[in-house]
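Below is one structure, written out as structure tokens; comments come after it.
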Amino acid sequence: MPSALPDGDPMPETGALPPHALAGAADRPLGFYLHVPYCATRCGYCDFNTYTATELRGSGGVLASRDNYAETLADEVRLARKVLGDDPRPVRTVFVGGGTPTLLAAGDLVRMLGTIRDEFGLADDAEITTEANPESVDPAYLAALREGGFNRISFGMQSAKQHVLKVLDRTHTPGRPEACVAEARAAGFDHVNLDLIYGTPGESDDDWRDTLAAALGAAPDHISAYALIVEEGTQLARRIRRGEVPMTDDDEHADRYLIADRALAEAGFSWYEVSNWATSEAARCLHNELYWRGADWWGAGPGAHSHMGGVRWWNVKHPGAYAQALAEGRSPGAGREILTDEDRRVERVLLELRLADGCELSLLNPAGAAAADRAVRDGLLEAGPYTRGRAVLTLRGRLLADAVVRDLVD
């Protein structure tokens, strides 16, 4: 089941933010994340805040229905307008994620986007993305999204191998994601991403090479490749514990990462974040860069997280409770925290070090600066950028990114 929400202070029923949250806001880009919590089936590795029809039956009532979800979410966007008052910023990025957003009608996604446009306005060069399940879209659906203002789409491919998809409980047919890329291009999408997962139990190096070849053959301009993380409480974790499938070890994950980085570089992709590669700067996911660079975003939907000027908050998780709060004119926020200057410094190091241009050495405390010096000598940070005042991961450093970050912030 989905993971628990963090602890925090109570959220005001109005959703009001402390005044300092919007201080200097004009200098920061604003994004929206729209969470669609519905899935046709639950994948065995998933612990996201998502729900199947069976899981909602009897517990969500009519308020949790997919049929009226677009209007419910629009209510939160209108609440955001009230909370942010006269904030003049147009929205720079919108990202619709899930769950499976494309279980909703295309018109529902367009209507949600339209509410943001009406309430806030969209920047002239706004990036508008939705995630999509390859089996829940067709050319007509994609054309409707593009006509409605979406210009970037991300398809969940995971693997090109049927036996790997079976372990993950993915239901799409091998080859369908690649076909979706062509359909999205035909519909006029500017940018297309494929999401891949490596390190699935039973996957071989050759399976992973075949997946990369298939993904590259489809000619997206962005690829995200993530190591499989087996979360406690998931069906996959239970299968591993029972000995039904083997656990993939860290060395295998490292080998798969190196295979990916080499194949993607040879195909003209450049890494710009540890798990993300793009064919050009324009093809990067600007919305994710808002997260990595500590900008402002409002997360609408059950369990969605938001951040404004050092204030972070999160919504109640269940779709029924979320809709009930909005129907009663209350914020669906479950809790919030106000980050200290030290919290924000540490988060900047944690997130920015994962980027290709790294983080400023001036962000490090004395212990972190000493750790950075050792990391250069150990081949984990690039020597050239270090002399210019930046900590930038080497390829070996990317393999050990979590450990490097821990050393730099301890």
Between Tyr198 and Trp208, is the gap from one ring center to the other below 6.0 Å? yes
Taking the six-membered ring for Trp and the single ring otherwise, decide whether the centroids of Trp277 and Tyr257 are under 6.0 Å apart. yes
My understanding is that only residues two or more places apart in sequence, or in another chain, count here; which of them pass side-chain hydrogen bond (donor to acceptor under 3.5 Å, both in side chains) with Trp298? Glu76
Tell me which pairs pass ring-ring contact (aromatic ring centres under 6.0 Å, His included) where either residue lies in residues 115-140, with sequence neighbours left out. Phe32-Phe120
For His222, side-chain hydrogen bond (donor to acceptor under 3.5 Å, both in side chains) partners two or more places apart: Asn193, Tyr272
How about Glu328: does its CD atom have over 12 heavy atoms from other parts shown lying under 6.0 Å from it? yes
Flag this pair as yes if the NZ/CZ of Arg354 is under 6.0 angstrom from the six-membered ring centre of Trp292 and inside a 45 degree cone about the axis; otherwise no. no
Evaluate salt bridge (Lys or Arg N to Asp or Glu O under 4.0 Å) for Asp87 paired with Arg81, printing each intermediate quantity in order. CA-CA 8 Å; Asp87 183 341; Arg81 178 71 280 174; 5.5 Å; no
What's the shortest heavy-atom distance between Val192 and Pro220, and which atoms? O-CB, 3.3 Å
Residue pair Arg92 / Leu30, side-chain heavy-atom distance below 4.5 Å: no
salt_bridge(Arg89, Asp296) N-O dist < 4.0 Å: yes
Salt bridge Asp75-Arg78, side-chain N to carboxylate O under 4.0 Å: yes
Got more than 12 heavy atoms from elsewhere within 6.0 Å of CG, Asp341? no
For Glu289, enumerate each residue passing the side-chain hydrogen bond (donor to acceptor under 3.5 Å, both in side chains) test, keeping only those at least two apart in sequence or located in another chain. none
Min side-chain heavy-atom separation Tyr33-Ser306 under 4.5 Å: no
I'd like to check the side-chain hydrogen bond (donor to acceptor under 3.5 Å, both in side chains) partners of Glu183; sequence neighbours left out, ordered by chain and number. Arg176
Is there a salt bridge (Lys or Arg N to Asp or Glu O under 4.0 Å) between Arg345 and Glu342 once you walk through the steps? CA-CA 5 Å; Arg345 181 193 72 81; Glu342 176 63 8; 2.8 Å; yes
Any Ser331 side-chain heavy atom under 4.5 Å of Met11 side chain: yes
Would you mind reporting whether Val137 and Leu145 have side-chain heavy atoms less than 4.5 Å apart? no
Student check: side-chain heavy atoms of Ser159 and Asp207 closer than 4.5 Å: no
Side chains of Thr211 and Ile259: closer than 4.5 Å at any heavy-atom pair? no
Decide, yes or no, whether a salt bridge links Glu203 with Arg256 under the criterion of side-chain N to carboxylate O below 4.0 Å. yes
Just wondering, do Pro6 and His305 contact through their side chains at under 4.5 Å, heavy atoms? yes
Value rounded to 0.5 Å, distance of CD1 in Ile128 from OG1 in Thr93: 7.5 Å
Any pair with a residue in residues 131-146 that passes side-chain hydrogen bond (donor to acceptor under 3.5 Å, both in side chains), sequence neighbours left out, goes on the list, sorted by first then second residue, please. Thr102-Ser136, Glu135-Thr173
Asp190 and Arg152 ion-paired at < 4.0 Å: no
